[in-house]
J.: 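Have a look at this one before I ask anything.
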Amino acid sequence: MNRIKIIDLLKSTDFDKAVIVKGWIRNKRFSKNVAFIALNDGSTINNVQIVINNPEDELISKCTVGASLSVEGKWVQSQGSKQAGEVAADKVEILGLADPDAYPLQPKKHSLEFLREIAHLRFRTNTFGAIFRVRHAMAFAIHKFFNDKGFVYINTPLITASDAEGAGAMFKVTTLDIDNPPRNEEGKVDYKQDFFGRDTKLTVSGQLEGELAATALSEIYTFGPTFRAEVSNTTRHLAEFWMIEPEMAFYDINDNMDLAEEMLKYLIKYALDNCASDLEFLNNRLIEEEKTKPVNERSGMTLIEKLNFVISNPFARINYTEAIDILQNSNHNKKKKFKYPIDKWGIDLQSEHERYLVEHHFKSPVIVTGYPKEIKAFYMKLNDDNKTVKAMDVLFPQIGEIIGGSEREADYNKLVTRMREMGVPEKQMSWYLDTRRFGSVPHSGYGLGFERLILFVTGMSNIRDVIPFPRTPGNAEF
Ligand code: ATP
Ligand code: MN
């Protein structure tokens with residue numbers, strides 16, 4: 001007889017049939033002559049109830065929270081109203097004990113901070129089980145979305161010699177002895193002797209290589225890890241995070257915005273359709289959490305209402321100049337409630353400004369385009385005003401920027417001019433410039449931060465809680 005997963009068993013109405021289930025004890029209750037055990041195998045947020053009649057004392061003492069069991073028994077209709085069925089156990093085998101004095105997880109609410117310190121065990125909680133099942137579903141849905149549209153999945157390198165992207169500080173990759181590196185005649189570290197014969201880093205983005213593929217395969221996407229050594233200890237930044245970067249030939253900035261909006265709505269709808277019990281759990285979790293906040297900081301909508309709202313309303317689309325007008329004239333700005341006051345055109349928008357636009361002004365996701373060229377990357381297409389570029393940031397409630405993208409500068413001369421202005425080494429980037437030298441086409445793309453998407457879909461508020469093993473300044477345990 002094969003093991004049946006708990007998710008399938010709980011759906012079964014095939015009562016009085018013999019079954020084998022395996023999993024970890026989440027909870028236990030003993031009364032006269034009978035033991036009730038809540039068993040979970042991670043296939044679903046729901047536990048299955050195991051009923052053991054006349055259990056031996058030794059078995060009871062070993063069935064502690066966290067221990068793993070294999071149970072043979074019969075799937076029977078339940079007396080209680082809470083579940084349809086339960087397993088009437090015939091044979092209970094303990095696979096692994098969990099010393100109750102040492103096991104840190106008990107059937108009670110643990111704080112997220114505490115669980116971060118035991119990230120190696122937090123998968124075993126309801127909250128993290130739900131989060132990582134949702135994260136999986138979103139990864140799958142991303143591949144499905146692009147595959148159904150005929151996009152080609154491209155793997156771009158994690159180790160790169162170009163540091164031109166300018167998206168953030170980079171981690172060095174080297175096999176040189178850092179205590180005693182070889183030096184050249186000028187006394188500088190001699191990277192010619194390093195593994196790759198040059199100075200290499202971990203990538204901050206796969207975009208530039210993605211453009212090479214898109215200008216032959218038309219529509220591609222990447223989905224892989226990226227690394228940023230920025231020492232920003234926020235609830236939205238990781239040093240190692242996953243990014244989805246589609247890049248499309250023949251797309252202008254409007255096509256780019258349409259794709260981003262369609263993709264986000266598809267992903268959120270996929271979660272609603274396929275992760276119902278996990279989202280219901282996370283929804284209730286958030287309702288409880290909101291109750292602990294001051295009334296004025298509570299969100300007016302539940303998680304599920306928020307997700308439904310986003311998929312059923314168009315995103316607002318404005319340009320940077322309009323955004324600055326709105327922010328500058330807002331009461332919030334006049335009352336000096338922004339940490340970074342808005343005093344002039346040209347400044348970069350901070351997360352507090354992005355969230356103001358989304359949460360207070362438009363009350364919907366917002367796509368901002370036409371940013372000043374000075375605050376954006378060299379590869380973004382220049383507008384006719386010579387001042388702004390065809391950039392687009394998609395802004396979400398609670399999160400701020402979830403996507404950053406642009407139409408790319410397809411004109412060789414204009415691109416080279418921007419590179420010179422911004423000090424991007426032309427020679428080092430000749431492979432990139434070749435796309436504009438040979439058969440250049442209008443093209444666009446964007447980067448979606450995977451963990452920011454998961455933050456939104458799960459309603460969690462700290463990015464450390466939506467990646468299994470967060471990497472942040474000072475933290476690389478597990
Ligand atoms: P931010 O301004 O929020 O720091 P960014 O402008 O540096 O982001 P981009 O270079 O545009 O970000 O990267 C594309 C997307 O990757 C962002 O929209 C965001 O969703 C995500 N992202 C960027 N940096 C991080 C990070 N350190 N941790 C997690 N996600 C990130
Ligand atoms: Mn950005």
Side-chain angles (χ1 to χ4, degrees), residues 135 138 142 156 160 162-171 202-208 210-211 221-247 256-257 259-261 263-264 267 315 320 323 340 347-355 357-358 365-369 371-372 374-380 389-408 444-458 460-476:
R135 185 178 163 115
M138 290 295 87
I142 283 161
T156 49
T160 175
S162 81
D163 54 5
E165 234 267 334
M170 300 173 93
F171 292 100
L202 288 179
T203 188
V204 293
S205 156
Q207 179 202 319
L208 301 185
E211 286 185 54
Y221 69 106
T222 72
F223 185 173
T226 48
F227 308 86
R228 297 190 184 177
E230 42 202 1
V231 196
S232 50
N233 250 316
T234 78
T235 54
R236 293 165 298 103
H237 289 90
L238 291 163
E240 175 181 289
F241 65 100
W242 288 67
M243 189 146 59
I244 295 94
E245 296 182 275
E247 193 70 36
N256 205 20
M257 285 192 275
L259 183 74
E261 182 168 342
M263 179 198 69
L264 288 167
L267 296 175
F315 295 2
Y320 168 89
Y340 299 91
I347 56 164
D348 204 356
L349 299 183
Q350 302 293 327
S351 147
E352 58 172 346
H353 307 131
E354 297 171 342
R355 290 186 57 179
L357 291 170
V358 171
V366 178
I367 310 182
V368 182
T369 51
Y371 283 83
E374 285 79 13
I375 58 172
K376 290 291 181 188
F378 72 93
Y379 49 71
M380 297 191 179
V389 288
K390 292 188 192 297
M392 62 167 215
D393 279 7
V394 182
L395 314 180
F396 257 43
Q398 266 92 50
I399 288 163
E401 183 189 325
I402 192 165
I403 282 180
S406 69
E407 182 171 342
R408 317 307 187 190
S444 300
Y446 59 80
L448 164 68
F450 188 46
E451 287 75 20
R452 296 212 184 155
L453 171 74
I454 308 302
L455 273 181
F456 183 72
V457 174
T458 60
M460 299 300 290
S461 45
N462 192 320
I463 200 161
R464 292 164 182 79
D465 296 330
V466 296
I467 187 164
F469 303 104
R471 297 288 178 257
T472 51
N475 178 24

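Start at 1 and go down the list; that is how both ligands and their atoms are numbered. The residues of the chain are indexed from 1 along the displayed sequence.
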J.: With heavy atoms only and a cut-off of under 4.0 Å, state how Met243 meets ligand 1: side chain, backbone, both or neither.
T.: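 For Met243, only side-chain atoms sit under 4.0 Å from ligand 1.
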J.: Using a 3.5 Å distance criterion without hydrogens, assess whether the side chain of His353 forms a donor-acceptor pair with backbone atoms of Tyr340.
T.: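 Yes; judged by distance alone, with no hydrogens or angles, the pair exists.
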J.: Short question: side chain of Ser232, backbone of Thr234 - any donor-acceptor pair under 3.5 Å?
T.: no
J.: I'd like to know if the side chain of Arg452 reaches the main chain of Glu401, judged simply by a donor and an acceptor atom lying under 3.5 Å from each other, with no hydrogens or angles considered.
T.: yes
J.: Answer with yes or no whether Arg228 contacts ligand 1, where contact means a heavy atom under 4.0 Å from a ligand atom.
T.: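 Under 4.0 Å: yes for Arg228.
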J.: For ligand 1, which part of Arg452 has a heavy atom less than 4.0 Å away: the side chain, the backbone, both, or neither?
T.: side chain
J.: Under 3.5 Å between any N/O of Gly449 and any N/O of ligand 1: does that happen in this structure?
T.: yes
J.: For atom 15 (C) of ligand 1, state which one of Gly447, Ser205, Pro470 supplies the nearest heavy atom.
T.: Gly447
J.: Is a donor on one side and an acceptor on the other found under 3.5 Å between the side chain of Glu354 and the backbone of Leu395?
T.: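 No; zero donor-acceptor contacts below 3.5 Å.
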J.: Using a 4.0 Å heavy-atom threshold (strictly under), name the region of Val204 that reaches ligand 1: side chain, backbone, both or neither.
T.: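 The answer is neither; Val204 stays 4.0 Å or more away.
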J.: Would you indicate whether the side-chain heavy atoms of Asp393 and Leu349 approach each other to under 4.5 Å?
T.: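 A side-chain contact under 4.5 Å is absent here.
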J.: Backbone N or O of Lys390 within a donor-acceptor pair of the Thr369 side chain at under 3.5 Å?
T.: no
J.: Which atoms from ligand 1 have a heavy atom of Ile463 less than 4.0 Å away?
T.: 29 (C)
J.: Counting only nitrogen or oxygen atoms and a 3.5 angstrom limit, does Leu448 reach ligand 1?
T.: no
J.: Regarding atom 1 (P) of ligand 1: of the candidates Arg236, His237, Gln350, which has the closest heavy atom?
T.: His237
J.: Do Phe227 and Met170 have side chains that approach each other closer than 4.5 Å (heavy atoms only, starting at C-beta)?
T.: no
J.: Please list, in number order, the atoms of ligand 1 under 4.0 Å from a heavy atom of Glu230.
T.: 27 (N)
J.: Counting each atom of ligand 1 from 1 as listed, which ones have a heavy atom of Gly404 under 4.0 Å away?
T.: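 By the 4.0 Å cutoff, the relevant atoms are 11 (O), 18 (O).
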J.: Do the rings of Tyr371 and Tyr320 sit parallel, tilted or perpendicular, given the 30° and 60° boundaries?
T.: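 Tilted, since the angle between the ring planes falls between 30° and 60°.
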J.: Show which atoms of ligand 1 fall inside a sub-4.0 Å distance from at least one heavy-atom site of Ile403.
T.: 18 (O)
